[in-house]
Protein chains: 2
Amino acid sequence: MKPVSNHGPDPSGSSEDRAGRGIPEATVARLPIYLRALTLLAERGVATASSEDLAATTGVNSAKLRKDLSYLGSYGTRGVGYDVEYLRYQIAREIGLTQDWPVVIIGLGNLGQALANYAGFGTRGFRVAALVDNDRARVGEMYGGVGVRHLDELDELVRERDVSIGVLTTPAAAAQPVADRLVRAGVTSILNFAPAVISVPAGVDVRKVDLSIELQILAYHELRKQVAGSMGAATLDLDDMVARAVGSP
Amino acid sequence: MKPVSNHGPDPSGSSEDRAGRGIPEATVARLPIYLRALTLLAERGVATASSEDLAATTGVNSAKLRKDLSYLGSYGTRGVGYDVEYLRYQIAREIGLTQDWPVVIIGLGNLGQALANYAGFGTRGFRVAALVDNDRARVGEMYGGVGVRHLDELDELVRERDVSIGVLTTPAAAAQPVADRLVRAGVTSILNFAPAVISVPAGVDVRKVDLSIELQILAYHELRKQVAGSMGAATLDLDDMVARAVGSP
DNA sequence: AAGAGCTTGTGAACGGGAGAACAAAATCCG
DNA sequence: CGGATTTTGTTCTCCCGTTCACAAGCTCTT
Ligand SMILES: NC(=O)c1ccc[n+]([C@@H]2O[C@H](COP(=O)([O-])OP(=O)(O)OC[C@H]3O[C@@H](n4cnc5c(N)ncnc54)[C@H](O)[C@@H]3O)[C@@H](O)[C@H]2O)c1
Ligand SMILES: NC(=O)c1ccc[n+]([C@@H]2O[C@H](COP(=O)([O-])OP(=O)(O)OC[C@H]3O[C@@H](n4cnc5c(N)ncnc54)[C@H](O)[C@@H]3O)[C@@H](O)[C@H]2O)c1
């Protein structure tokens, strides 16, 4: 949510408009999508792709895509398109995926186990470096080839394995205290799966993945669709419509 | 991504500014957060809460929060705040959580099993109505009290259990064909966990949950942090900085 | 070698959302 | 009963992101 560095426009008079280095947050969120599409194309042996091609496979408007890519530099060739392998590397470099990021997972329940067993991490620049739980009965269990350690060892693990990203899969009630411990241990990025708002000091990034929220957003639209479908036009007062839809399941 | 109905501003001259019924998408995405906070407060026996209180527990700016709530109607009392239980119900009604939404999960691998076993669904307005896989070896297994059925039975299950929301947890390669089957079966909302872009006809909503993308966004910021930390000021060319950070892990 | 045909990169217009600020309403208190 | 206080609902402004549109630049053909 809160950008870490001041990527803002340079207030100094030096009108070096050549966008110093502030890649918009919205663009950053799309770079991984482009990266995936490019990897796919590379696997298929495609050498070059136009912005229209990429737009088709990523579902992103081609103009937006070009503008996004232009923040990284001028890596395309007019009249031709983008060199798939070259662009793929440039994006990977920008995101920092030329190195492997060690990740610690906290809370080896249903979800934590699934994530620990997930092979897709490794192929995308991340490595499960440590698993941690506060349930001593779980300590020693293995998931994806990594053993579970106790929460008390967190500081040590983070330090010696140089972890800077933590994945939080504990119950909601434990989220804030665990987040505090992660921060104290030196973790500066947290991916939070627990349905809880956690607050962290400035300089620490938190991203939230919340299944229920996603479903509820779908439900909101679904409700509108049901209502719209159960009658012809849509010029009625929606309160009535909602009431009707809720009433008859 | 693509809104279903035309919530856009009415181009007709009727300046009925009283925002007919278009709740902004950004607001819809926050309503579940408010709902959760209100449920929490209600459990603690809190009767009323001001926008500042809610802002504190949800992490949302209080002005934004008030504006969001104002789209639903005037449910607050000036000088007092919002009645927790009343507001909670109003939001639940708006999202459609006064009814239970039956959900089908496709692909009972690591992730699908974790979701099927997850108890948090039921308490948030959703019910796992069916589990489907195309691996006959999995058919008959039970997760969270629901048995796995074969993909061939999808149409029947969706119809007879009145499912309109599908959760897609198959490998990426199967995502598009499975999505097509879901749509054909009558599902009109899909929550996609597979790292693949799926295209669906208009009228069908898709939301994507992509773990790797979230991690990659964190990695992007992490890289910038590492670079900024490994040197004093930040007036160097970033290409060099990135190269240095990448070079020394 | 020059023109035709693409495709990129970007300037400019536009729309939506975020946040500050304030007037309107309700309660509290003397 | 009236003014002080609190908190909502809303208006206004600003900023970010999206989209359009097109000139610049590259390749291919003739
Ligand atoms: N399972 C799902 O599909 C799913 C879906 C959406 C959200 N979530 C959320 O993800 C989180 C985990 O879900 P789950 O189903 O895996 O829960 P779970 O109860 O199966 O697992 C929680 C794990 O966290 C451990 N734990 C508890 N307190 C801890 C602490 N203080 N420090 C370290 N470890 C601790 C427990 O020992 C347990 O192993 C929950 O917040 C849940 O709401 C889960
Ligand atoms: N496991 C994770 O933690 C995790 C994390 C992020 C993303 N994902 C993504 O979620 C998806 C599932 O991951 P997983 O680890 O559970 O994989 P998995 O291989 O363990 O499970 C996939 C399941 O889907 C079933 N399946 C395959 N093709 C099917 C089809 N056409 N129709 C119905 N079912 C089919 C398989 O039989 C299997 O049971 C993948 O796309 C993965 O990339 C998983």
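To find a chain, count down the sequence lines: A is the first, B the second, and so on, and within it residues start at 1. Values below: every heavy atom of this structure, side chains too, minus hydrogens, waters and symmetry copies. Being a predicted model, the structure only gives us computed values, none of them experimental.
- Remark: C1' of D:dT7 and CG of B:Leu87 are 14 Å apart, rounded to the nearest angstrom.
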- Task: Classify every nucleotide of nucleotides 25-30 of chain C by which part a protein heavy atom approaches to under 4.0 Å, writing B for the base, S for the sugar-phosphate alone and - for neither, in 5'-to-3' order.
- Result: BSS---
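- For A:Lys67 against D:dT19, a side-chain N or O and a base N or O form a donor-acceptor pair under 3.5 Å.
- Rounding to whole angstrom units, CD1 of residue B:Ile23 and C1' of C:dG17 are separated by 15 Å.
- Classification of A:Glu94 and B:Arg224 as a salt-bridged pair holds, one side-chain N sitting under 4.0 Å from a carboxylate O.
- Here C:dG9 presents its P atom at 13 Å from OH of A:Tyr71, a figure rounded to the nearest Å.
- Atom CG in A:Asp83 sits roughly 13 Å away from atom P in C:dT8 (whole-Å rounding).
- Contacts of B:Asp83 classified as side-chain hydrogen bond (donor to acceptor under 3.5 Å, both in side chains), with partners at least two apart in sequence or in another chain: none.
- DNA chain D is contacted by both A:Arg66 and A:Ala26; A:Ala26 maps to the nucleotide lying nearer its 5′ end (nearest heavy atom per residue).
- Side-chain N/O atoms of B:Arg30 include one lying less than 4.0 angstrom from OP1 or OP2 on C:dA18.
- Near DNA chain C, defined here as any heavy-atom distance below 4.0 Å, the residues from residues 39-65 of chain A are A:Ser50, A:Ser51, listed numerically.
- Between A:Trp101 and A:Gly96 the shortest heavy-atom distance is NE1-O, 2.8 Å.
- Applying the ring pair (Phe, Tyr, Trp, His ring centres under 6.0 Å) criterion to B:Phe121, with sequence neighbours excluded, gives B:Tyr118.
- For the salt bridge (Lys or Arg N to Asp or Glu O under 4.0 Å) test, residues two or more places apart in sequence or in another chain that qualify with B:Glu85 are B:Arg88.
- Listed by chain and number, the residues in a salt bridge (Lys or Arg N to Asp or Glu O under 4.0 Å) with B:Asp53 amount to none (sequence neighbours excluded).
- Residue A:Thr170 holds its OG1 atom at 8.5 Å from CD1 of A:Ile106, rounded to the nearest 0.5 Å.
- An OP1 or OP2 oxygen of C:dG9 is reached within less than 4.0 angstrom by a side-chain nitrogen or oxygen of A:Tyr82.
- Between the CG atom of A:Leu69 and the CG atom of A:Leu31 there is a distance of 7.5 Å, given to the nearest 0.5 Å.
- Using modelled atom types, one finds no donor on one side chain facing an acceptor on the other under 3.5 Å when comparing A:Ser189 with A:Asp205.
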